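Here is the structure we will look at.
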There are 2 protein chains.
Amino acid sequence: MKCISESTEERIKEAAKTVFLEKGFDGTTTRDIAKVAGINSALMNYYFRSKEKLFQSIFNDMCTLMFEGMLDLVNRPISLRDKISKLMDHQFQMMMQNPNLTIFIMNELHRNPERLYATVGMAKKIPESIFHQQIEDAIAQGIITPIDSHHIMTMIIANIQFLFVSKPMTMLAQGLDEAGFNAFATRHMEYVKDMICDYLFKPELSS
Amino acid sequence: MKCISESTEERIKEAAKTVFLEKGFDGTTTRDIAKVAGINSALMNYYFRSKEKLFQSIFNDMCTLMFEGMLDLVNRPISLRDKISKLMDHQFQMMMQNPNLTIFIMNELHRNPERLYATVGMAKKIPESIFHQQIEDAIAQGIITPIDSHHIMTMIIANIQFLFVSKPMTMLAQGLDEAGFNAFATRHMEYVKDMICDYLFKPELSS
DNA sequence: CCTTTTTTTAATCAATTGATTAAACTTTTT
DNA sequence: AAAAAGTTTAATCAATTGATTAAAAAAAGG
């Protein structure tokens, strides 16, 4: 459905996304973006007022990409076990398609937490979700190990996303190519799913 | 034991470490470093030939800081259970003292994997350690769940280090200050230790 | 005390940076 | 088709960048 020749604004945003994700804000020049987009470098300032504004737009998009699917999932009316499984699958799929999404967001946030404060507002909504209540209910019913939902969320995110944050390191240390890494990541996911589910849904508690 | 007035070279390296860890290679100017070190900006080129050379030196130091303790531990002749516990404790302590060590290394490696290839050679030595053999033995004896040591190492590292990679995000999302984050991290560590040990050392296998 | 070497400084270089301008080109409107 | 509005371009700006220079200052050697 995508037009063959997209609008100039779209081309700039696409190029900016590519370059910002690869080189970060500091490592990116406006001329880089213009070159990748195949446009005159002044056009960047015509459509977006500055490099900063363009970046904010891209960063916002990336945060949405990161959180909207998760936010949808945590509020879906499905069983806890199913939800946790789907959360992990969704995140893994998202990271396979955007391997450097996490390192980009984490790094820019680290460099400038206050500047990007408004943009990551979405992240705040996850703790307030139905998921949180489901956890508390399950604990009250003795179905899962007593643990705050923040910690569960952190376990899920850490085990999946760190795989991709450390992708270059893993490839170097294990001498893997792209396909080798993907195989390793896919296998690791199975272990992690087992580990987290085993920990939460202990058999002696589920009776 | 530190001298009151250290050598100029030391002051430059200390300043460079501070600034590079906070702003990254691209975000750091040589004048930044000179300012923090309290020296003339030409002195940086006098002691280290270039910004690149100075960075390589710092990056190498940070990799050593990251891996040398772990490398020592994985080769120590202690029981597997004890080793895994000590590995986690050591990493947690290290990250508490250098919260942005991981995001720094991972980010610079992501931006320039080939340039820093030589520096991260240490990471390769971990898979070849006594730890690896211990895991295989334990699996053969049916003491732990059958799983490659790479995956175990990844689980340990991911669950601890991602905590600090995502520190700004966590603080924003949960509205924590420094002390609040440290409390959260300390609590999280206990859960993670339980989870990983429970997963590996399954009761039904230890008989 | 003078010479030699090492360390430090201020001044400056060429290159690159984000951004602006004014003019040229396109498209839309009338 | 003429006018107006919107889009794109080349040329250029001031500021900042990593790096070099030559001279000054300090330390070391005789």
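Keep in mind that this is a model prediction, so the values were computed, not measured. The chains referred to below are lettered A, B, ... by the order of the sequence lines, with proteins before strands, and numbering in each begins at 1.
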Interatomic distance, [X] [atom1] vs [N] [atom2] [rounded to whole Å]:
X	N	atom1	atom2	answer
B/D32	D/dT16	CG	C1'	11 Å
B/N45	C/dA10	CG	C1'	15 Å
B/N40	D/dT21	CG	P	16 Å
A/D26	D/dT16	CG	C1'	14 Å
A/L43	C/dA23	CG	P	18 Å
B/F48	C/dT7	CZ	P	13 Å
A/I33	C/dT17	CD1	P	12 Å
B/I39	D/dA25	CD1	P	19 Å

Original post:
Taking for each residue the nucleotide of DNA chain C bearing the nearest heavy atom, is the 5' side occupied by A/R49 or by A/T29?
Top reply: A/T29
Original post:
Of the nucleotides C/dA19, D/dG6, D/dA19, which one has an atom closest to the side chain of B/K51?
Top reply: D/dA19
Subject >> Which nucleotide in C/dG18, C/dT9, D/dT7 has an atom nearest any side-chain atom of A/Y46 >> reply: D/dT7
Original post:
Under 4.0 angstrom, heavy atoms only, what part of the nucleic acid is B/T8 near: base, sugar-phosphate, or nothing?
Top reply: sugar-phosphate
Original post:
When we call it a touch if two heavy atoms are under 4.0 Å apart, what does A/Y47 touch: a base, just sugar-phosphate, or nothing?
Top reply: sugar-phosphate
Hey, are [X] and [Y] close enough for a salt bridge, meaning a charged N less than 4.0 Å from a carboxylate O?
X	Y	result
A/D61	A/K13	yes
B/K167	B/E178	yes
B/K202	A/D198	yes
B/D26	A/K23	no

Original post:
Should the heavy atoms of other residues, nucleotides or ligands under 6.0 Å from CD of A/Q174 be counted, would the total exceed 12?
Top reply: yes
Original post:
Side-chain N or O of A/S50 less than 4.0 angstrom from OP1 or OP2 on C/dG18?
Top reply: no
**OP:** Assign each of A/G38 and A/R31 to its nearest nucleotide of DNA chain D by heavy atoms, then name whichever residue's nucleotide is nearer the 5' end.
**Re:** A/G38
